[in-house]
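Since the structure comes first, as structure tokens, the remarks are kept for the end.
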2 protein chains.
Amino acid sequence: MHRHRTPARRATSADVARLAGVSRTTVSFVLNDTPSQSISADTRRRVLDAAQELSYAPSAEARALGRGRSTSVLLYLPPAGSLTEDIGVIVERLSVLFSEAGLSMVIHAWTRRPAAQVWSSVTPAAVLAWDLADDDAERMRRSGVRGVVSWTGSDEMGRWITGPREHDIARMQVQRLVAAGHTHLGYAVTGGDHMHGVSQWRFEVLQRECAARGLSRPSALPLPADPRGAAEVLLRWREQHPGASGVCAHDTTAALAVLSGMRRLGWRAPADLAIVGVNDSPAAALADPPLTMVALDPEVTARHIVAVITALVRDEPAPSPPDTAGAFTVDRDSV
Amino acid sequence: MHRHRTPARRATSADVARLAGVSRTTVSFVLNDTPSQSISADTRRRVLDAAQELSYAPSAEARALGRGRSTSVLLYLPPAGSLTEDIGVIVERLSVLFSEAGLSMVIHAWTRRPAAQVWSSVTPAAVLAWDLADDDAERMRRSGVRGVVSWTGSDEMGRWITGPREHDIARMQVQRLVAAGHTHLGYAVTGGDHMHGVSQWRFEVLQRECAARGLSRPSALPLPADPRGAAEVLLRWREQHPGASGVCAHDTTAALAVLSGMRRLGWRAPADLAIVGVNDSPAAALADPPLTMVALDPEVTARHIVAVITALVRDEPAPSPPDTAGAFTVDRDSV
DNA sequence: CTGTTAGCGCGTTCAC
DNA sequence: GTGAACGCGCTAACAG
């Protein structure tokens, strides 16, 4: 194996041009397959070889500067603590799908008012935020950001992204519980922000789902994430809703909280209360009893997000959302 | 509230210069507080006001182009599925700490051989990778990347970052179990990559820790993440290691797997087997019995990573690592 | 057809 | 405090 003199600085198109004995313009033409230009096969080869030889990669900055827009997608992470496994998997997938689409993902922590400093410095091609105020979105669009999409937003995109997910979840949870004979349901959620944001939304979707099936209105069951507290809340809740026999849990933690409260009360799932959680995490499979869960295919969501954003970036019509978020039920013993 | 004419395109330093009636150079001097230049207080004000008025934010691309290095830190995410809550929290913190330090975090999915395409296009100021081959690291450094750090790497940085963490975990787990009278320990881990990478490393640290205390050599206990499988493995393991009475679990899932296997065998923690897990997740608090866990302060790790990287970027000597990763024990009922 | 020269985009920095 | 030039890739406009 023979080592070449490695350039101290990274190779630029000028280096490639020099080595290939052509102009920088030609290098650009060859490497971009510019349609309006034809280049002789011989020259093309020389340029390609030179690029290879120098392991040349065009500077994203210079390109962005020229085009007035970079190829980076600015992703504002969900609020602190919301980066749970399921979202983590989606983030992971997003990063590879975006890079396959020629975009790179820059992430920032979510703030209610994203600083112009940030999105304005990186001139992102698109911004994907957790929950974006309409005027912020408008401001971004005006300064050249093509795709502005919010995860839980009220804009069309936001609904595209979240709609199928939340709906699928509610539908499948209710379906599973109804199939087991439960018609009086509750919605369990843990966390300090009980019934805010996504939780509130999920609850509403759930209510609609129950209404559509002619079931009685589901009741909210906000639980603390400790066994003793969960037991107390659970007991009071049962007294207020004596008919309730099934619970749709917001996530794994909520399902586990219900389970642990029940254990303390001497109740047993599904006999005393049936549970369907969301997200097929290892903890759900290892619970006692193992939890029946509704899981979403993160790939479906990730692909749709990337599809929408790449379309926006390329100024193409946005693809219609998949009619399902790839939801499926993992049957275990809690229903 | 009075709205100004919003410029169609984002403001550039030329716009600010025009509005302030000075040259672009001056704008640059003022906004960067260039030490070698003195600017009159009056001019300074005018520039600052103009910048404010136009809500000017310098273009990161142009700056990177000029400086030959961007302010982005390229973070290669842990392998698929490893973006669990604990790492998620660190990633979250990293993103805010980096942005406070004037760096922006670009994330990419980890591949064993990070494509030059990626890191070479964004000319990152630093690269933080999961486990970086030495020659890749060298290649990056040679093309101008200042800070090249790997999470689990064998380089000094890698050991700085992981060292205290893994050591703290092992030390506190063993300490807790020894305090409860257990001297014959096991190391429980789940996942397909049993005893590879971090798991292997953690196991070795654990062995050293036990050796240092004069305990017998701990044995590996690789478990499947389902109750039945866990029970089988657990039973066999107990037969081979009749004296073992305590388990250090790699994470929450491993701890839950041990617990669920024990339940199926009719064993009870801590009487039949004591467990200390890692990461104080909600699932641990809600388990039956509630799990005693060793938790690390993600803030300590995140701060150290950012400190090291910003130092490298600024060509300053790297700070010495904190002697602890902020580990603490959350006592519950499994020991 | 094949390829070149000129100049833009934006912030920084070197001389004056 | 300023003009000029640089860093890098792209794209008109233009010459063999």
Side-chain angles (χ1 to χ4, degrees), chain A residues 7-48 50-51 54 56-71 102 117 120-123 143-144, chain B residues 7-48 50-51 54 56-72 102 117 120-123 125 143-144:
Chain A
R9 294 208 47 67
R10 49 180 305 230
T12 71
S13 85
D15 297 324
V16 177
R18 209 156 14 235
L19 183 57
V22 296
S23 71
R24 281 169 37 198
T25 310
T26 305
V27 173
S28 174
F29 285 154
V30 170
L31 265 38
N32 295 329
D33 270 321
T34 310
S36 59
Q37 270 292 330
S38 50
I39 302 287
S40 74
D42 178 52
T43 309
R44 169 177 236 86
R45 259 262 67 77
R46 291 216 314 282
V47 171
L48 257 21
L54 300 173
Y56 165 74
S59 148
E61 289 93 4
R63 186 174 270 165
L65 192 55
R67 288 214 215 281
R69 185 177 298 109
S70 76
T71 58
Q117 296 284 349
S120 166
S121 301
V122 299
T123 53
S143 43
Chain B
R9 293 212 44 69
R10 47 179 306 227
T12 72
S13 85
D15 297 326
V16 178
R18 210 156 15 235
L19 183 57
V22 295
S23 70
R24 281 166 43 201
T25 309
T26 307
V27 173
S28 174
F29 285 155
V30 171
L31 265 38
N32 294 328
D33 270 322
T34 309
S36 60
Q37 281 289 332
S38 48
I39 304 287
S40 76
D42 178 52
T43 308
R44 165 176 238 86
R45 259 266 65 77
R46 290 216 313 285
V47 170
L48 257 23
L54 299 174
Y56 165 73
S59 149
E61 288 94 3
R63 184 172 275 168
L65 193 55
R67 288 214 220 278
R69 193 180 348 271
S70 78
T71 59
S72 56
Q117 297 281 350
S120 164
S121 309
V122 299
T123 52
S143 46

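In this text the structure is predicted, and so the values were computed from the model without any measurement.
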Would you tabulate the pairs of protein nitrogen or oxygen atoms and nucleotide nitrogen or oxygen atoms of nucleotides 13-15 of chain D closer than 3.5 angstrom?
none

Under 4.0 Å, heavy atoms only, any strand: does [X] hit a base, just the sugar-phosphate, or nothing?
| X | answer |
| --- | --- |
| A/Thr43 | sugar-phosphate |
| A/Ser28 | base |
| B/Ser40 | sugar-phosphate |
| B/Val22 | sugar-phosphate |

Find which nucleotide of DNA chain D each of B/Ile39 and A/Arg24 is nearest to by heavy atoms, and output the residue with the more 5' nucleotide. B/Ile39

Residue-level proximity of residues 58-70 of chain A to DNA chain D when a heavy atom falls under 4.0 Å: A/Pro58, A/Ser59, A/Ala62, A/Arg63, A/Arg67

Which of these nucleotides, C/dT5, D/dC10, D/dT2, is closest to any side-chain atom of B/Ser23? D/dT2

If you only use heavy atoms from C-beta on, which nucleotide in C/dT12, C/dG11, C/dT2 is closest to the side chain of B/Tyr56? C/dG11

Nearest heavy atoms of A/Ser121 and B/Ala57, plus distance in Å: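 Residues A/Ser121 and B/Ala57, closest heavy atoms: OG-CB, 4.2 Å.
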
Distance, rounded to the nearest Å, where A/Arg18 contributes CZ and D/dG9 contributes P: 12 Å

Who are the salt bridge (Lys or Arg N to Asp or Glu O under 4.0 Å) partners of A/Arg24, not counting sequence neighbours?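 Counting only residues at least two positions away or on another chain, A/Arg24 forms no salt bridge (Lys or Arg N to Asp or Glu O under 4.0 Å).
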
Output all residues satisfying salt bridge (Lys or Arg N to Asp or Glu O under 4.0 Å) with B/Arg69, sequence neighbours left out; order by chain, then residue number. none

Side-chain donor/acceptor pairs under 3.5 Å, residues 29-36 of chain B, sequence neighbours excluded:
| residue | atom | partner | partner atom | Å |
| --- | --- | --- | --- | --- |
| B/Asn32 | ND2 | B/Ser28 | O | 3.2 |
| B/Asn32 | ND2 | B/Ser28 | OG | 3.4 |
| B/Asp33 | OD1 | B/Arg44 | NH2 | 2.4 |

Do the side-chain N or O atoms of A/Asn32 get closer than 4.0 angstrom to the phosphate oxygens (OP1, OP2) of D/dC10?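 Answer yes for this pair, as a side-chain N or O of A/Asn32 is under 4.0 Å from OP1 or OP2.
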
Under-4.0 Å side-chain N/O to phosphate OP1/OP2 contact, A/Thr26 with C/dG3: no

Could I get the full list of side chain to side chain donor-acceptor pair (under 3.5 Å) partners for [X], not counting sequence neighbours?
| X | answer |
| --- | --- |
| A/Ser59 | A/Glu61 |
| A/Thr71 | none |
| A/Ser40 | A/Thr43 |
| A/Arg46 | A/Asp42 |

Can you name the side-chain contact (heavy atoms from CB on, under 4.5 Å) partners of A/Thr12, sequence neighbours left out?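 A/Ala14, A/Asp15.
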
Which residues satisfy the side-chain contact (heavy atoms from CB on, under 4.5 Å) test with B/Arg45, sequence neighbours excluded? B/Leu48, B/Asp49

Difference in axis direction between the ends of the helix from C/dC1-D/dG16 to C/dC16-D/dG1, five pairs, 10°: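 Axis angle across the helix from C/dC1-D/dG16 to C/dC16-D/dG1, nearest 10°: 50°.
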
Any sub-3.5 Å donor-acceptor pair from A/Ser70's side-chain atoms to A/Thr123's backbone N or O?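 Between the backbone of A/Thr123 and the side chain of A/Ser70 there is a qualifying donor-acceptor contact (under 3.5 Å).
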
